[in-house]
Number of protein chains: 2
Amino acid sequence: MTRRIQKDVPIPLYYQLKEILKERIKSGDLETGELIPSERELGEIYEISRPTVRQAINELVSEGFLRKEHGRGTYVAKQKISQWFLQNLTSFSEEMAEKGLDFSTTVLKKEVVGVDSTLEEVFEGNFEQFYRLERLRCVNGEPYVIVTTYIPVKLAEGLIDEDLEQYSLYKTLEKKYQFQIGYADRVIEASNANKEDADLLAVDSTSAIQLIKTRGYLENDEVFEYSIARYRGDLSNFTVRVPYQSNT
Amino acid sequence: MTRRIQKDVPIPLYYQLKEILKERIKSGDLETGELIPSERELGEIYEISRPTVRQAINELVSEGFLRKEHGRGTYVAKQKISQWFLQNLTSFSEEMAEKGLDFSTTVLKKEVVGVDSTLEEVFEGNFEQFYRLERLRCVNGEPYVIVTTYIPVKLAEGLIDEDLEQYSLYKTLEKKYQFQIGYADRVIEASNANKEDADLLAVDSTSAIQLIKTRGYLENDEVFEYSIARYRGDLSNFTVRVPYQSNT
DNA sequence: GACGTAATGTCGTCATTACCAGTTGCTATA
DNA sequence: TATAGCAACTGGTAATGACGACATTACGTC
């Protein structure tokens, strides 16, 4: 019954254990709040050493699957509430596909623009010309979000000719342009819609809009993207889990 | 010059190294983007073993201070942009104090209420009565956010008599009521103000409001708090850093 | 000069061993 | 009976040793 850990494949042992434990949690074999076997026991069961077990467990703890209590043991943590892209930087398409929702993307505008003061600041004056994409995304047929994206022409020459209605922007940058995407900083604001956005989103012109400004960074900390997304306030909500940091 | 690691104090070696490295980063001794000494070198310098160095470094990486590149070395990561409470669950007072801003809290209402369907769902039907606190918080004299907080009476008998204008709610729960606060789940929404809130926040009645609903959990995963905060959309913004997770 | 290769340095993985530090429950003692 | 204290768990910290995988550089060959 217990899946074995294979030592003759090039997959790290701690990683195999992680996957096994995640599987056991998802399948309900290990229930929420339940005490899991001790580190030493897991080592015996799967025939690996304790440090290896600890690496697997520590990562699962930091990912929110487990919770440790010194002297008592390790428990299966309460399942995270469905996490929006505030926790994981995945593309819109993946997010929606995972939720099993119908979605579509319409490219409203594709153009090349010069710098302005915002772009100057965001890209630290490194680039002169930018692709500016404006896209409307719908979920289940309803307008959901408008995204304006700026990407330096120098970094992705020809991007403007790609089919961005069928293929995800991030996936395209990763696969076709060999971008090594690292992380993103997001600023979240609430504001009122302007007239054009209100029309496109099919809401009243006084409606609240969830603004999310994203700076996308490569693995080497270089900014490669700046985008401004306007979500319908009445359709969107974002969740985030925050650890408590008591300062002594 | 280099601070030594003390082996005769009950502070873990890896933790001492973490503090030293953080200090060196903050002081500018180690600059952004700079390659830091290799794990083996650090081990020699501070006379500790490589696994200990690795523990310190790995935690700093997960906290965003460092960035590792396999085969190349470890770099000082670009400094995080000022992080709002979306990353660290600190209290409002601490957040503001750290920014050096003047702030004040006014308790608008203190009462005991029974369950309703929302509280039933949030607290899983575990409690009958709740303290309901309504507080207005101002920054630099300007209204900034209104917070409605629900806490089960059973968990903090007498809380209603505490001075919550001078002392932080979280700090009070921690120190006086021995709460072991674990983490929080936050849901972020944009909406329009209602009349009372608009008046209190001194904004137009059509203005956008940043809604943040928080469920506070103890270390053992029990919900101890539910709050709804309404921030002025024009004054508040929240930032969050998101790692990229490419799925193969 | 261009290219492949080897050397060397980096982080990544893993095992083994040892001891420390909280928690819990049993037991011997008062 | 009540309780202090002693195991016997748990996870936490630390050292040592070994090898693998990846990146860079220098060098030798073509």
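What's counted below: heavy atoms across the whole structure, side chains too, no hydrogens, waters or symmetry copies. Throughout, protein chains are lettered first and strands after them, A, B, ... in sequence-line order, and every chain is numbered starting at 1.
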Fill in the blank from the handout: Across all chains, not counting sequence neighbours, the salt bridge (Lys or Arg N to Asp or Glu O under 4.0 Å) partners of Glu41(B) are none

For atom [atom1] of [X] and atom [atom2] of [N], their distance in whole Å:
X: Tyr46(B); N: dA14(D); atom1: OH; atom2: C1'; value: 19 Å
X: Tyr75(A); N: dT10(D); atom1: OH; atom2: P; value: 12 Å
X: Gln55(A); N: dG12(D); atom1: CD; atom2: P; value: 15 Å
X: Asn58(B); N: dT13(D); atom1: CG; atom2: C1'; value: 15 Å

Exercise for the section: Classify every nucleotide of nucleotides 15-24 of chain D by which part a protein heavy atom approaches to under 4.0 Å, writing B for the base, S for the sugar-phosphate alone and - for neither, in 5'-to-3' order. Expected result: BB-B-BBBSS

Exercise for the section: Determine: side-chain N/O of Lys68(A) to OP1/OP2 of dG12(D), distance under 4.0 Å, yes or no. Expected result: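 Looking at the OP1 and OP2 atoms of dG12(D), one of them is under 4.0 Å from a side-chain N or O of Lys68(A).
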
Problem - Given Lys22(B), Arg24(B), Lys18(B), the one that forms side-chain contact (heavy atoms from CB on, under 4.5 Å) with Ile20(B) - result: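 Option passing the side-chain contact (heavy atoms from CB on, under 4.5 Å) with Ile20(B): Arg24(B).
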
Just by modelled atom types, is the [Y] backbone N or O under 3.5 Å from a matching donor or acceptor in the [X] side chain?
X: Glu225(A); Y: Thr149(A); answer: no
X: Glu124(B); Y: Glu121(B); answer: no
X: Tyr14(A); Y: Ile57(A); answer: no

Exercise for the section: Decide, yes or no, whether a salt bridge links Glu174(A) with Lys171(A) under the criterion of side-chain N to carboxylate O below 4.0 Å. Expected result: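 Looking at Glu174(A) and Lys171(A), the cut-off is met.
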
Exercise for the section: Apply the test ring-ring contact (aromatic ring centres under 6.0 Å, His included) to residues Phe130(B) and Tyr226(B): give CA-CA distance (whole Å), side-chain angles for both, the deciding distance (0.1 Å), then the verdict. Expected result: CA-CA 10 Å; Phe130(B) 300 85; Tyr226(B) 179 61; 9.7 Å; no

Problem - Heavy-atom side-chain contact between Tyr75(B) and Glu69(B) under 4.5 Å - result: yes

Exercise for the section: Could you tell me from which nucleotide to which nucleotide of DNA chain C, 5' to 3', there is an atom under 4.0 Å from chain B heavy atoms? Expected result: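 Reading along DNA chain C, I get dG9(C) to dT13(C).
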
